[in-house]
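Notes follow once the structure below has been shown.
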Amino acid sequence: MSFTSLKSPPQAPEIELPAFVLPAVLPDDVDALKRLLQTQQDVMSTAQQAMQQAVQQAMEQALHEARQVAMREAHDYIIRMIEQSVLARHRMFGASSEQLAGQGRLFDEAEVLAQSSTDAQDVAALPDATPTQQTAPDKQPKARGKRAPLPGTLKRVDIVHDVPEHERTCPCGSPMVEIGQDVSEQLDIVPMQVRVLRHIRKRYGCPDSVHAPVTAALPPQPLPKSNASADFLAMLLTVKYVDGLPLARFENVLERHGVPVPRQTLARWAIGAGRLLQPLHNLMRDALLDSAVIHMDETVVQVLKEAGRKASSQSYMWVQTGGPPDKPVILYDYDTSRSAEVPLRLLSDYQGYLMTDGYTGYNKLAHIKGVEHLVCFAHVRRRFVDAARVQPKGKRGRADVAIDLIGKLYGIESDYRDATVEVRGLARARLSVPALAALKSWMDETLPTVTPKSALGKALAYMAKYWSRLTRYTERGDLPIDNNKCENAIRPFVVGRKAWLFSDTPAGAHASAVIYSLVETVKANGLEPYTWLRRVLRSLPLAQTVDEVEALLPWNLHSHDLASETVP
């Protein structure tokens, strides 16, 4: 705390002194001179007393004002500490959602779900093994608690249960004949199979040993110096980067199946696969830069063994999403820095709209001609949600007003989510622009009345600082209101990071960036990651031209192209 009012001394008070004027000619009489001197002393004494009294009053007033300032600053400081404590406690123990709801239970999922179910849900809905051609029914809303039917392509294994022969005689004495059968289906699962592929290369030689023998060539392999097959690598990348399983746990899984593969070996294979897949990552960046809008964000990652840096140093994974409408792209890039030079390098030569949060590292890129900067409204809303959390329970405050006003903007977006770009643009001009004007009017009126360092003051200052960039989404119907698309793309990485915590080397971090980019882009294009990885890791070593590599990009393959990959 700093008491700024004590830095300058109180001003001297203005005092009106009694009038006393000496005569132009002093008297010669001693008694008269004595009386004149006594009068002068009385006047000076009165003036001195008045001065002391005025100074005392001024000091008391200054001290009173200083105490008031100190009390206000102390009060504001205590409020800030309480707010920070409440928010820290909520981040540690509260619900992660922005909704002001209670924390869900984490460790009794089976009991909670079972209590909310019925006996009918003991049976999963299975489709016919041989679906007939028919017109697709109208879309019906999914029943709560019901499972979607399993694919009809699932392999069916028939287990025949026959009536014992001695029970096949009718009470009338005639032998019974088969008139039909009852079929019920039961879900089953086959544990993971680990097998060894033996590549047998035939060798032929001259009977007379005149010429050198000829040996069949081994087809190009994804990692020629390893003994990992393309299918093994596809499973390794899937369990680590899609399912978030640390290599140490996958090592234990393989151990249970009788295959001791050290985690260090698994790590080397993952890094090698990342290098093999790098050309696809490069081609995906070309597609990303064709976007009308790119979303960008960053999150921390720790790398233990990096030259010239402590193991505790923070590095960053930069995430960008975009691409043409039929080619959604999600790219991860690893860098040791969070400086403005990183987005400048990653999006060099880009022209279009860039959606980010309020981090100042994007400002250099936003100042490049042809780049139009948008700022995320969700980040503004979160600050007001935090401000609402520190309000007295059960009472509405000014933060709730902001949340309601921002909620109207999101309500408009929800109503026109499925509309065409043109219709959405018109709706924003007609509805969102007036709603934004109301929000700005409230902001301008409230901001001067709020303590700047409080949760509400910080939320208002953030919104005021980026107001011009927050409102630009209304310029067109295809611009986003927030950066949630990119934050959703970061989530799989963050979930995985909770399990494996850090990368061991920069090479591992770069490989992770490449592989996360590929599997997340694959999911965005509606493909199953394992089957796509299996096809790519089999085909990429055989590719000789850029066209052959481009043919493996997620938007150039379709589910029916990968159907054969599900067959063992």
Side-chain angles (χ1 to χ4, degrees), residues 237 241 270-299 301 315-356 361-362 364-366 368 370-374 480 483 485-490 492-493 503 506-527 529 532-533 536-537 539-540 543 545-557:
L237 301 185
Y241 296 101
I271 292 172
R275 285 194 292 263
L276 175 68
L277 296 168
Q278 182 68 56
L280 292 169
H281 189 273
N282 297 341
L283 292 173
M284 285 162 48
R285 186 173 303 282
D286 295 338
L288 175 76
L289 297 177
D290 288 337
S291 309
V293 182
I294 290 180
H295 298 248
M296 196 168 190
D297 204 351
E298 78 288 336
T299 188
V301 61
S315 297
Y316 295 88
M317 195 68 78
W318 294 78
V319 185
Q320 311 114 74
T321 65
D326 58 338
K327 299 177 182 179
V329 179
I330 299 173
L331 280 189
Y332 288 74
D333 286 277
Y334 168 74
D335 202 285
T336 58
S337 172
R338 200 190 179 206
S339 74
E341 304 306 317
V342 181
L344 279 175
R345 172 175 56 81
L346 295 177
L347 299 183
S348 61
D349 300 327
Y350 174 66
Q351 301 286 292
Y353 284 88
L354 175 67
M355 166 60 79
T356 72
Y362 298 110
K364 282 189 178 180
L365 183 61
I368 293 177
V371 176
E372 307 293 338
H373 194 195
L374 310 175
N483 204 26
K485 183 177 180 180
C486 195
E487 293 190 0
N488 291 336
I490 284 182
F493 173 81
S503 290
H510 283 294
S512 295
V514 170
I515 299 166
Y516 270 115
S517 299
L518 295 176
V519 297
E520 291 305 313
T521 299
V522 165
K523 291 193 291 185
N525 282 269
L527 301 179
W532 181 84
L533 283 168
V536 167
L537 290 170
S539 303
L540 196 55
T545 66
V546 174
D547 290 342
E548 290 175 336
V549 176
E550 284 186 339
L552 300 174
L553 288 168
W555 47 82
N556 290 331
L557 289 173

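Quantities reported herein were computed from a predicted structural model and do not represent experimental measurements.
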Open item on the list: With rounding to the nearest 0.5 angstrom, report the CD1 to CH2 distance, I490 to W318.
Closed with: 10.5 Å

Open item on the list: Within the structure provided, determine whether L354 and H295 are in side-chain contact (heavy-atom separation under 4.5 Å).
Closed with: no

Open item on the list: Let's go through Y316 and T299 carefully: what are the C-alpha distance in whole Å and the side-chain angles of both, what is the deciding distance for side-chain contact (heavy atoms from CB on, under 4.5 Å) to 0.1 Å, and is it a yes or a no?
Closed with: CA-CA 6 Å; Y316 295 88; T299 188; over 6 Å; no

Open item on the list: Counting neighbours of CG on D349 that are heavy atoms of other residues, nucleotides or ligands and sit closer than 6.0 Å, is the number greater than 12?
Closed with: no

Task: Gap separating the CG atom of L288 from the CG atom of L347, nearest 0.5 angstrom - done: 6.5 Å

Task: Student check: side-chain heavy atoms of Y334 and S512 closer than 4.5 Å - done: no

TODO: Would you give the length of the straight line joining atom CE of M296 to atom NE2 of H373, rounded to the nearest 0.5 angstrom?
DONE: 10.5 Å

TODO: Answer whether the closest heavy-atom distance between the side chains of W555 and T521 falls below 4.5 Å.
DONE: yes

TODO: Kindly indicate whether the side chain of L365, heavy atoms from C-beta on, has any atom under 4.5 Å from the side chain of L346.
DONE: no

Task: For A489 against T321, the heavy-atom pair lying closest together - done: CB-CG2, 3.6 Å

- [ ] For A270 and I515, work out which heavy atoms get closest and say how close.
- [x] O-CD1, 3.7 Å

- [ ] Please name all residues satisfying side chain to side chain donor-acceptor pair (under 3.5 Å) with Q320, sequence neighbours left out, ordered by chain then number.
- [x] R285, D333

- [ ] Evaluate the side-chain proximity of Y332 to V319: yes if any heavy-atom separation is below 4.5 Å, no if none is.
- [x] yes

TODO: For side-chain contact (heavy atoms from CB on, under 4.5 Å), just list the numbers for N483 and L374, CA-CA rounded to whole Å, side-chain angles, deciding distance to a tenth of an Å, and then say yes or no.
DONE: CA-CA 9 Å; N483 204 26; L374 310 175; over 6 Å; no

Open item on the list: Ignoring hydrogens and geometry beyond distance, is a side-chain donor-acceptor pair present between N282 and Q278 at under 3.5 Å?
Closed with: yes

TODO: Measure the CG-CG distance between L331 and L289 for me, rounded to the nearest 0.5 Å.
DONE: 8.5 Å

Task: Test side-chain contact (heavy atoms from CB on, under 4.5 Å) applied to L237 and V519, step by step - done: CA-CA 9 Å; L237 301 185; V519 297; 5.7 Å; no

Task: Nearest-0.5 Å distance that lies between atom CG in D286 and atom CG in L553 - done: 9.5 Å

Task: Considering all heavy atoms, the nearest V293-P480 contact - done: CG1-CD, 3.8 Å

TODO: Identify the heavy atoms of V522 and P529 that sit nearest to each other, and give their distance.
DONE: CG1-CA, 3.8 Å

Task: Taking every non-hydrogen atom, the tightest pair across I271 and A511 - done: CA-CB, 3.8 Å

Open item on the list: Applying salt bridge (charged side-chain N to carboxylate O under 4.0 Å, His left out), can you list everything that pairs with K523, at least two apart in sequence or on another chain?
Closed with: E520

Task: side chain to side chain donor-acceptor pair (under 3.5 Å) against Y362, all qualifying residues, sequence neighbours excluded - done: E298

Open item on the list: If the condition is salt bridge (charged side-chain N to carboxylate O under 4.0 Å, His left out), which residues does E548 pass it with, not counting sequence neighbours?
Closed with: none

TODO: Name all residues meeting the side chain to side chain donor-acceptor pair (under 3.5 Å) criterion together with H281; count only those two or more places apart in sequence or in a different chain, and write none if there are none.
DONE: S517

- [ ] Evaluate salt bridge (Lys or Arg N to Asp or Glu O under 4.0 Å) for R345 paired with D335, printing each intermediate quantity in order.
- [x] CA-CA 11 Å; R345 172 175 56 81; D335 202 285; 2.6 Å; yes

Task: I294 side chain reached by Y353 side chain, heavy atoms, under 4.5 Å - done: no

Open item on the list: Please give me the minimum heavy-atom distance between L280 and V549, naming the atom from each residue.
Closed with: CD2-O, 3.6 Å

Task: Test salt bridge (charged side-chain N to carboxylate O under 4.0 Å, His left out) applied to E372 - qualifying residues, sequence neighbours left out - done: R472

Open item on the list: Taking the side chain as everything from C-beta on, heavy atoms only, tell me whether I368 gets closer than 4.5 Å to L344.
Closed with: yes

Open item on the list: I want to check something: taking the side chain as every heavy atom from C-beta on, are Y516 and M317 in contact at a cut-off of under 4.5 Å?
Closed with: no

